[in-house]
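Below is one structure, written out as structure tokens; comments come after it.
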Amino acid sequence: MLIKRPADIPSSEITDRRVYVNRRTFIRAAAAAAAAAGTAGVLGCGGADTGTPQPATKPTTSPASGFADVTESAFSTTEPVNTLEQVSTYNNYYEFGTDKSSPARYAKLLRTAPWSVAVEGECAKPAVWHLEDILRGQTLEERIYRLRCVEAWSMVIPWIGFPLADFIARCEPTSKAKFVQFFTLDDAAQMPGVRVPVLDWPYTEGLRMDEAMHPLTILAVGLYGEVLPNQNGAPIRLVVPWKYGFKGIKSIVRMRFVEQEPRSSWQISAPSEYGFYSNVNPSVDHPRWSQARENRLPGFLRNRPTLMFNGYADQVAQLYSGMDLRRNF
Ligand SMILES: Nc1nc2c(c(=O)[nH]1)N[C@H]1C(S)=C(S)[C@@H](COP(=O)(O)O)O[C@H]1N2
Ligand SMILES: [Mo]
């Protein structure tokens with residue numbers, strides 16, 4: 001299933017945003033032409049640039065993909081996507097250093113195959129899963145998301161992934177499972193950054209079970225039609241598009257179903273600055289900066305207003321009804 005790795009792709013094949021968008025348009029046009037004899041229907045995800053995901057009329061296969069079975073997600077946005085260059089050279093991955101350019105330089109030290117994910121805790125099927133078995137039979141969807149970060153930058157990234165809910169269902173959580181906790185690999189031999197105690201290693205994150213089961217929450221295994229670059233969290237990472245980027249834990253090796261709310265690495269390191277929920281919320285300031293506006297890369301600081309739940313309020317606001325989001329930040 002995993003065919004091309006980014007390192008194997010000649011740079012001439014690395015597509016910039018315009019070519020990529022045109023290719024998608026071309027794919028849709030071709031699919032529409034092929035379907036012309038049948039029922040009329042506009043393929044792809046139309047809609048104004050509001051940041052609200054528009055439902056795609058029909059999945060379209062992406063022939064340029066390194067994955068055989070990628071379809072267009074109903075949750076894709078039509079906002080312009082960032083280039084592969086931007087997405088893979090401006091990263092946060094503290095296991096490879098704390099500045100934004102270090103992961104692109106050092107994450108090649110990470111061995112992503114073979115890879116397994118241990119599932120434990122409150123579930124009927126605790127197991128060690130090989131990555132191939134997690135992906136087997138899984139329909140991958142291309143979902144273009146804005147990935148957000150507390151530093152107030154954002155990007156639009158064409159992730160390839162599948163709903164975390166699908167995998168959770170296979171683990172059969174018990175009624176005691178109220179949260180799910182995730183852990184990144186912690187191996188100083190491959191990750192020079194973990195020798196520095198900037199965070200409490202291993203990197204850990206958590207979601208409430210209903211957040212984890214929401215169809216917008218994905219396990220991403222690729223972007224731009226290819227397997228994930230290591231610096232973006234290969235071979236498997238979380239993407240939760242209505243939360244700040246740091247909830248998107250990379251290179252997951254362990255998942256645990258638990259009854260009590262777990263603490264995340266960022267909460268442990270700075271509890272007054274980072275809460276468990278970490279929903280994108282323009283009306284609640286970070287203690288050291290305003291979150292009212294964000295910087296869509298590339299560009300200058302605060303070039304656009306930040307949207308509640310990162311523009312996904314219609315889909316996720318009900319998860320938090322009745323909660324005080326100033327307290328539960
Ligand atoms: N294991 C691990 N996961 C991590 C991080 C990290 O340092 N280590 N950084 C987080 C932060 S702060 C952000 S903003 C996103 C960045 O994801 P990207 O580099 O793919 O854009 O990854 C998140 N996941
Ligand atoms: Mo971040």
Side-chain angles (χ1 to χ4, degrees), residues 6 81-107 109-110 112 115 117 143-161 181-188 190-207 217-224 226-255 264-270 273-275 278-280 286 288-289 291 294-298 306 310:
V81 291
N82 283 88
T83 63
L84 177 57
E85 165 84 11
Q86 290 159 355
V87 168
S88 61
T89 59
Y90 190 89
N91 299 101
N92 262 345
Y93 198 165
Y94 276 22
E95 288 86 336
F96 297 101
T98 54
D99 66 276
K100 301 278 188 285
S101 57
S102 287
R105 217 171 310 137
Y106 300 115
L109 293 167
L110 180 66
T112 58
W115 194 269
V117 179
R143 295 174 179 227
I144 307 183
Y145 286 140
R146 286 179 294 149
L147 180 71
R148 289 296 321 285
C149 208
V150 288
E151 296 84 349
W153 49 274
S154 66
M155 286 194 228
V156 181
I157 301 179
W159 299 108
I160 304 278
Q181 200 174 4
F182 304 85
F183 301 88
T184 297
L185 180 71
D186 177 11
D187 181 3
Q190 302 178 62
M191 300 170 138
V194 302
R195 296 190 198 115
V196 189
V198 279
L199 287 175
D200 194 37
W201 311 110
Y203 193 99
T204 179
E205 262 301 344
L207 293 172
T217 303
I218 64 166
L219 284 170
V221 292
L223 55 80
Y224 264 104
E226 310 299 340
V227 298
L228 284 177
N230 284 1
Q231 58 267 35
N232 291 93
I236 186 164
R237 61 89 58 86
L238 196 66
V239 178
V240 194
W242 70 95
K243 292 179 183 273
Y244 291 105
F246 61 84
K247 288 298 269 191
I249 181 172
K250 298 178 170 184
S251 309
I252 297 166
V253 291
R254 196 149 61 95
M255 268 174 64
S264 73
S265 286
W266 293 98
Q267 264 179 298
I268 294 164
S269 74
E273 300 195 4
Y274 304 102
S278 309
N279 290 316
V280 174
H286 183 278
R288 287 184 282 138
W289 52 77
Q291 301 193 131
E294 69 192 45
N295 186 33
R296 173 62 54 83
L297 297 173
T306 290
N310 201 18

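Model, not experiment: these values are computed from the prediction. Whatever order the structure lists them in is the order used to number ligands and atoms, beginning at 1.
Taking any N or O of Y94, backbone or side chain, at least one lies under 3.5 Å from an N or O belonging to ligand 1. Geometrically, ligand 1 and W266 share no nitrogen or oxygen pair separated by less than 3.5 Å. For the pair N92 and ligand 1, the shortest N or O to N or O distance falls below 3.5 Å. Looking at W153 next to ligand 1, no N or O pair under 3.5 Å apart turns up. Note: no N/O pair closer than 3.5 Å links V87 and ligand 1 by distance alone. Note: an N/O pair closer than 3.5 Å links E95 and ligand 1 by distance alone.
Judged as a salt bridge (Lys or Arg N to Asp or Glu O under 4.0 Å), the pairs with a partner in residues 235-251 (not counting sequence neighbours) are, in order, E205-K247, E211-K243.
Of the protein's non-hydrogen atoms, the one nearest atom 11 (C) of ligand 1 is F246 CA, 3.4 Å. At the top of the distance list for atom 24 (N) of ligand 1, counting protein heavy atoms only, stands G248 O, 2.8 Å. Distance from atom 15 (C) of ligand 1 to its nearest protein heavy atom, with residue and atom name: G245 O, 3.4 Å. Protein heavy atom nearest atom 3 (N) of ligand 1, with residue, atom name and distance: K250 N, 3.2 Å.
No heavy atom of S251 sits closer than 4.0 Å to any atom of ligand 1. Using 4.0 Å as the threshold, E205 has no heavy atom nearer than that to any atom of ligand 1.
Here the side chains of Y203 and D186 are not in contact, with every heavy-atom distance at 4.5 Å or above. Counting heavy atoms from C-beta outward, H286 and Y274 have side chains that approach closer than 4.5 Å. At least one side-chain heavy atom of N310 sits under 4.5 Å from a side-chain heavy atom of R148. Proximity of Y145 to I218: side-chain heavy atoms (C-beta onward) are separated by under 4.5 Å at one or more points.
Heavy-atom contacts of C149 reach the following atoms of ligand 1: 14 (S) (cutoff under 4.0 Å). With ligand atoms numbered from 1 in the order given, ligand 1 contributes 1 (N) to contacts under 4.0 Å with heavy atoms of T184. Atoms of ligand 1 found under 4.0 Å from any heavy atom of L147, numbered from 1 in the order shown, are 17 (O), 18 (P), 21 (O).
Side-chain atoms of Y93 and S251 include a donor-acceptor pair closer than 3.5 Å. Using modelled atom types and a 3.5 Å distance limit, the side chains of N92 and K100 yield a donor-acceptor pair. Side-chain atoms of S154 and R296 include a donor-acceptor pair closer than 3.5 Å.
Atom CE of residue M155 and atom CZ of residue R146 lie 13.5 Å apart, to the nearest 0.5 angstrom.
Residue contacts with ligand 1, taken as heavy atom pairs separated by less than 4.0 Å, do not involve M155 at all. At a 4.0 Å heavy-atom cut-off, ligand 1 does not touch V150 at all.
Of the options Y203, Y274, W159, the smallest heavy-atom separation from atom 4 (C) of ligand 1 is shown by Y203.
With sequence neighbours left out, R195 forms a salt bridge (Lys or Arg N to Asp or Glu O under 4.0 Å) with no residue at all.
Between F246 and Y244, the ring-plane angle classifies as parallel under the 30° and 60° cut-offs.
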